[in-house]
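Each residue takes its place number in the sequence, starting with 1. All heavy atoms count here, side chains included; hydrogens, waters and symmetry mates do not. Atoms within each ligand, like the ligands themselves, are counted from 1 in listed order.
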Amino acid sequence: MGPITPELADAIESLIDTPVLLVALDFDGTLAPLVDRPEDARPLPAAAEALAGLSALENTVTALISGRDLASLRAVGSPPEQTLLVGSHGTERWAPEIFGADDEHIDLSSAQSTALAKATGILEAISAAHPGTTLEYKPAAIVLHVRQAATEVATAALHAAHGQLDDIENLQALDGKAVLEASVLVGTKGDGLNWLREVADATTVVFAGDDVTDEDAFAVLRPGDIGVKIGSGTTKAQFRLNGPGELPALLDSILDMRSL
Ligand SMILES: O=P(O)(O)OC[C@H]1O[C@H](O[C@H]2O[C@H](CO)[C@@H](O)[C@H](O)[C@H]2O)[C@H](O)[C@@H](O)[C@@H]1O
């Protein structure tokens, strides 16, 4: 049996006649399998092909919604031209001109720049002291990656980072999969998904994601929408797939339904 359960198949069937469908996908761990180095992540070819097919359909809008900043998301995701993009956990937003929406760029206040510089200094020192950890620099955040560190080193680095970042004003610490992100902007994927729904004028939304931050997006789904959790963990989503390898089956089924 494939990954599409009869219940999920029924939900997909109901998408046939919705006037405007929005298909919004998280990137890392959903469209692209998790890998050691963030710069090496790429969509699975079958998923990228299905996404391109969906983006070419009339009355079906595609979007990526990620914790990555937009430049990084574009570089690793190579999204189809008409795909809307939400980055930096909801705070950066871009839509093709045809949608007539205002983009949202990052413009830090001096208090935010000061907080980011402090957090950067702290995480650079922690990373230097914890072999195997690396840093990712974003316009409004600094991320400590511990995926490649030994377990005890990773735990110690995350513990030290939490302890030292907690006192900085204008900063929020976000836990993710083998990462700790220190961000000076407060945004959620729920805000991002609400923006996408409005800009696309969507009557129904499909959203798939794997991480804790994706729960904010599942939380704003409405009756008739479809939320799909990718992988294990507690979730508000109604449906689940085991990993990014099963996403192409979902996208292909939606593509078939919307192509009828
Ligand atoms: O919202 P997402 O698109 O899922 O982005 C969340 C974070 O993804 C990236 O980190 C994760 O993927 C890396 C590459 O597979 C992996 O090495 C890391 O351990 C994961 O946490 C990205 O680097 C972060 O900036 C995103 O916030």
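Residue-to-ligand polar distances keep G176 apart from ligand 1: every N/O pair is separated by 3.5 Å or more. Polar contact with ligand 1: absent for R37 (N/O pair, distance under 3.5 Å). The shortest N or O to N or O distance between D26 and ligand 1 is under 3.5 Å.
Scanning all heavy atoms of the two residues, the minimum distance from G29 to L34 falls at N-CD2, 3.7 Å. In this structure, A161 and L123 approach most closely via the heavy-atom pair CB-CD2, 3.7 Å.
Shown in contact with K189 at under 4.0 Å from a heavy atom are these atoms of ligand 1, numbered in order with element: 1 (O), 2 (P). The distance from ligand 1 to the heavy atoms of H89 drops below 4.0 Å at these ligand atoms: 27 (O). Proximity to E181 (heavy-atom distance under 4.0 Å) selects the following atoms of ligand 1: 27 (O). Each of the following atoms of ligand 1 lies closer than 4.0 Å to a heavy atom of V179: 21 (O). Of all atoms in ligand 1, listed by their number and element, those nearer than 4.0 Å to a heavy atom of F27 are 3 (O). Within ligand 1, counting atoms from 1 as listed, the ones closer than 4.0 Å to a heavy atom of P38 are 14 (C), 23 (O).
In this structure, the protein non-hydrogen atom closest to atom 27 (O) of ligand 1 is K138 NZ, 3.1 Å. The protein heavy-atom contact nearest to atom 16 (C) of ligand 1 is V35 O, 3.3 Å. In terms of protein heavy-atom proximity, atom 19 (O) of ligand 1 is closest to R147 NE, 2.6 Å. Of the protein's non-hydrogen atoms, the one nearest atom 7 (C) of ligand 1 is D28 OD2, 4.1 Å. In this structure, the protein non-hydrogen atom closest to atom 3 (O) of ligand 1 is S66 OG, 2.7 Å. Nearest protein heavy-atom neighbour of atom 20 (C) of ligand 1: K177 O, 3.4 Å. Atom 10 (O) of ligand 1 has its closest protein heavy atom at H145 CE1, 3.8 Å. With hydrogens left out, the protein atom closest to atom 22 (C) of ligand 1 is E136 OE1, 3.6 Å, a heavy atom.
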Step-by-step salt bridge (Lys or Arg N to Asp or Glu O under 4.0 Å) determination, D211 to K177: CA-CA 7 Å; D211 211 341; K177 292 190 167 170; 5.1 Å; no
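The option with the heavy atom closest to atom 6 (C) of ligand 1, from among G67, P244, A217, G77, is G67.
Residues satisfying the ring pair (Phe, Tyr, Trp, His ring centres under 6.0 Å) test with F218, not counting sequence neighbours, are F207.
Rounding to the nearest 0.5 Å gives a distance of 8.0 Å between CD of Q172 and NE2 of H89.
Looking only at side-chain heavy atoms (C-beta outward), V206 and L22 stay at 4.5 Å or farther from each other.
Contacts between D36 and ligand 1, counted as non-hydrogen atom pairs separated by less than 4.0 Å, involve the backbone only.
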